[in-house]
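Letters A, B, ... are given to chains in the order of the sequence lines, protein chains preceding strands, and every chain is numbered from 1. This structure is a prediction, so every number in the text was calculated from the model and none was measured.
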Number of protein chains: 2
Amino acid sequence: MDSKDRQIIRALQRNGRITNQELADEVSLSPSPCLRRVRNLEKAGIIRGYSAEVDEKAYGLPVTVFVRIKLERHNEEDVQRFESHIQRIDEVLECHVMTGAIDYQLRVLVPDLEGYEDFVRARIHTIGGIASIDTSFAYGVVKKTNVLPKLS
Amino acid sequence: MDSKDRQIIRALQRNGRITNQELADEVSLSPSPCLRRVRNLEKAGIIRGYSAEVDEKAYGLPVTVFVRIKLERHNEEDVQRFESHIQRIDEVLECHVMTGAIDYQLRVLVPDLEGYEDFVRARIHTIGGIASIDTSFAYGVVKKTNVLPKLS
DNA sequence: TTAAAAATTGGCAGAAACTGCCAGTCAGGT
DNA sequence: ACCTGACTGGCAGTTTCTGCCAATTTTTAA
């Protein structure tokens, strides 16, 4: 991966549906080698895929919640159990394993506060083995981008 | 926005570069009306744009950090100052305004721990007016998707 | 420094996809 | 039943994609 690949990556993050011709222009290549580089990045798994960015509020899910979870036990079985459950919950868009006092942080999307209560009861507590849940609601977005910073 | 639009949205979140013909197939429309719906969703701002999903590690930024920040004062001026600074920092991919004890939560991408130290010193503390910073490192991803849940 | 080998590039042409236009269809209201 | 408005599907000209090959650039080794 050279600097041209990185240029391509950042251009595709800014606009994932740019045509190959425009992309080629932007990175100063002709369409053929440009497309080949894109395909190589895809095959190598560096570009995982493409996605539409959607206004969550307009879609009907205006409430973003960050949920910080601690497990009671950390043996292989309970951890596996928790993680495989989480992966199947559609409302959970992200789940990170964390260092420090908390084990996991989730980003969850719900239609309203009641929806969140339902979510915790029906989806989280039913997993079992959870020591604590700490909830923070996000009520505004200052910044949200997919474009990775330039490497210095 | 009807259920067909929602179908289109979810299909485009799963694959943002699907061709219009395949998309039309998937949602049982012919290409013309399908494309028109997509364009309308774009014009209405419901589809904000399209983006490539990139492997952050392969790109060279393997460390994800969540930073929870409290401000000293919450008057209009200091808040504006903080938020406009944050928007200009490339390493900050997300910044949410939070309820509760913390004012903001940031998602930050850095190459390593040293990079994070530099980031805090050079980018965050220089803003001024910050009461506290709480850092959590993410060292694994259990789930990460852009696809919004179906509305029940 | 030179020469051979490898990787990358650019152009071309057939195939695929996009997109504006128009007539036909369907749903809701009077 | 009729009218209105919104939506649909098909068509055709235009644009874009993409596999192939020769030419160029870069790398490697002598």
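- Nucleotide C:dA16 holds its C1' atom 16 Å from the CG atom of B:L23, rounded to whole Å.
- Atom-to-atom, NZ of B:K43 to P of C:dT19 comes out at 11 Å; the value is rounded to the nearest Å.
- Between A:F137 and A:Y116, the ring planes are perpendicular. Angles over 60° get that label, and only those under 30° would be called parallel.
- With side-chain heavy atoms closer than 4.5 Å counting as contact, directly or through intermediates, the hydrophobic cluster containing A:Y59 also holds A:V54, A:L61, A:L93, A:L109, B:M1, B:I8, B:I9, B:L12, B:I18, B:L23, B:V27, B:L29, B:V38, B:L41, B:I46, B:I47, B:Y50, B:L148, B:L151.
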**Contact pattern, 5' to 3', of nucleotides 6-12 of chain D - B, S or - by protein heavy atom under 4.0 Å** = -SBBBB-
Is there any protein nitrogen or oxygen under 3.5 Å from a nitrogen or oxygen in nucleotides 14-16 of chain D, and what are the pairs?
residue, atom, partner, partner atom, Å
D:dT16, OP2, A:Q21, OE1, 3.4

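- Between B:R14 and B:E26, at least one side-chain nitrogen of the basic residue sits less than 4.0 Å from a carboxylate oxygen of the acidic one, meeting the salt-bridge criterion.
- Atom C1' of nucleotide C:dA13 and atom CG of A:L35 are separated by 16 Å, given to the nearest angstrom.
- Between A:Y139 and B:H96, a ring centre-to-centre spacing not shorter than 6.0 Å is recorded.
- For the pair B:V97 and B:E83, the minimum side-chain heavy-atom distance is below 4.5 Å.
- The shortest non-hydrogen separation linking B:R68 to A:D134 is NH2-OD2, 4.4 Å.
- A:R121 CZ: 12 or fewer foreign heavy atoms inside a 6.0 Å radius.
- In this structure, A:I130 is a member of the same hydrophobic cluster as A:I89, with clusters built from ILVMFWY side-chain heavy atoms closer than 4.5 Å.
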